[in-house]
Asker: 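Here it is, the structure, as structure tokens.
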Amino acid sequence: MTTNVQIDSQRRITKNRSKSFVLGFRSLVRSKLGLPGLVIVLISCLTAIFAPVIAPHDPAQINTAHMFLPPAWMDGGMKEYLLGTDNLGRDVFSRVIYGTRISLIVGIMAVVVSGAIGLFLGLIAGYYGGFIDNALMRIVDAFLAIPNILFMLVILGVLGPSLLTLIIVLGVTNWIIYARMIRGEVLSIKERDYVIASRSIGTKNLQIIFKHVLPNVFSSFIVISTLSVATTIILEASLSFLGLGVQPPTVSWGGMLSEGRNHLATSWWIATFPGIAITMTVLGIIFMGDWLRDLLDPRS
Amino acid sequence: MTIVGKPLDHPLLEVKGLKMAFDVTEKRFSKERHYLKAVDGVDFFVRRGETLGIVGESGCGKSTTGKLIMQLMEPTEGSIIFDGIDLRSLSNEEMRKKRKDLQMIFQDPYSSLNPRMRVFDIIAEPLISHRVAKGRELYDQVLELMDVVGLNKAHAYRFPHEFSGGQRQRIGIARALALKPKLIVCDEPVSALDVSIQSQVLNLLVKLQREYNLTYIFIAHGLPAVKHISDRIAVMYLGRIVEIGNKEQLFSNTKHPYTEGLLSAVPIPDPEMRDKKNRIILKGDMPSPVTPPSGCTFRTRCMYATEKCSEVVPPLTEQESGHFVACHYPLDTKKQQGVTQYV
């Protein structure tokens, strides 16, 4: 009898999985913007991974013979430099492709760092309340009172700009968003009947957090995280633009913008293409976030 | 207040002078504080193996009493002695272990089950939390529990939303039963269900009580629901017990006007009997528990109220063996047959 049930239940689990996959696909089609978003994000990821294969030139290769070449379709453009070259004769197309790596790495890693900190602190503050909650929320208030960019500039100035410090700085300044959001959700979830039931059963607090609270805040956490990858990419670009991002010869979109700014009047392509790349990637991520929000909402 | 009807044997649960007041002061810095006295001095006991029904209108403090017994809230005053131990004196960890003997069935079968957990995991949770079973043994025990409460074992890996209200309440019952507790607090377990399902669930509870020698505290807002299942019944009004006694005493020899009103509110399915019945309709609403009336709290709605009722709080006094009433003028009735017969 029991083995029968086991087989039956396993079959049912797999059935459920395929059902949820179908549901996910259907909502992807229905959300209209979800599909383009997902495609853009996938393209960005693939570009980042296969950058050396796709890029026709070494992004750091300086070539004084081909400075300020316009894109290939314009007068004076060369076929091998699809999007033209910059002030040092480097291929803009290859640089945009390599820039994807930095943007995505910084965007995702910073979100992982800040998300982990925020999730942990938000769960603890929301669930235990009392002194811990008060203390944490006052720290959050203090952080909110400091202008973000200024804070990051100071820290980057002290630690010195590098990929790692950039990730740390972005992560440390952004955990507040998560902590506040998660805390709010936890406050409402911990008053739900199933959490009270779990307490009345005699489940330990830690287990309640992992079994009941975490799974129920996780969907909003995922949505906020995706959206904040987008804002982080923009922040990274801003910092690089200010010269405190990743340092040359590593390519980043923000850095390209800041270099291209000086030549905007004569060679617009140097700054424009990384700008378009930033906008497209961020838009794609935001669209995907919207779709995820619909998908993970249990009411839909 | 005195301990009401001290039983001869050692009771499973004894509640003494239980009080719960919530601070509802609106102005944060005002010196005068307002308290909502949800439970205002409640004493009772529950014998092993019996069912105590607690009845009252919404807002009378019956659910709060249940939560206080379960230690889901910290009472302002009073003691809860369970199996000879004052639960309030236990540390958090000791209390957590004690919960093995003390389980609860919730009112709303929709919100009391985690929507993201499968039935198997929901029923297994108490067994895992107290490390009673694991692996193969856990699996067998959970499936057996499902069988006991009348759930199809093949549905073990479904989610709660795939079940009807009655089935969900069975899941809740299986969860409460998993640890073979001594006492189960049932907080209006059937009031969210269809009438046709209610009796099924009640019968299940009765059957389980017999099989596992359970003790119930059964909270409900109407007398008919508790009549079926209770041995003794306590009627609560504005945070106090106004009448408590054996089921028979309470129904055939009603002493408190409020109980009389509650009994009279029970619909009678026979139109002829309905016309004969002397209906007592309670006037008005329950007063606010923040500013309860002086003296007897029921006097504002009582047709027998006098001067004395507004001045002196009526103590809970024994009218006949084990039958206690908090009223200055307890009804002297060999009740009109029409009222009790059809309840």
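A quick note: this is a predicted structure, and the numbers were derived from the prediction, not measured. In the text below, chain A, chain B and the rest are named by the order of the sequence lines, each starting its count at 1. In what follows, every heavy atom counts, from backbone to side chain, and hydrogens, waters and symmetry copies are set aside.
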Asker: Please classify the contact between M117(B) and chain A as side chain, backbone, both or neither, with a heavy-atom cut-off of under 4.5 Å.
Answerer: side chain
Asker: With a 4.0 Å cut-off, would you call D141(A) and R138(A) a salt bridge?
Answerer: yes
Asker: Mind ranking Q103(B), K98(B), M104(B) by heavy-atom pairs under 4.5 Å with chain A and telling me who comes out on top?
Answerer: Q103(B)
Asker: Using non-hydrogen atoms only, which part of L113(B) is less than 4.5 Å away from chain A: side chain, backbone, both, or neither?
Answerer: backbone
Asker: Between S198(A), P215(A), S200(A), which shows the greatest number of heavy-atom pairs under 4.5 Å with chain B?
Answerer: S200(A)
Asker: Please identify which of these residues, I285(A), I278(A), T279(A), meets the side-chain contact (heavy atoms from CB on, under 4.5 Å) condition with T281(A).
Answerer: I285(A)
Asker: Do R168(B) and D108(B) sit within salt-bridge range, that is, some charged N less than 4.0 Å from a carboxylate O?
Answerer: no
Asker: Chain A heavy atoms under 4.5 Å from L102(B): which part of the residue, side chain, backbone, both or neither?
Answerer: backbone
Asker: Using a strict 4.0 Å threshold on nitrogen-to-oxygen distance, state whether K62(B) and E57(B) make a salt bridge.
Answerer: no
Asker: Using heavy-atom distances under 4.5 Å, tell me whether E93(B) contacts chain A through its side chain, its backbone, both, or neither.
Answerer: side chain
Asker: Kindly say whether the aromatic ring centers of F143(A) and F151(A) come within a distance under 6.0 Å.
Answerer: yes
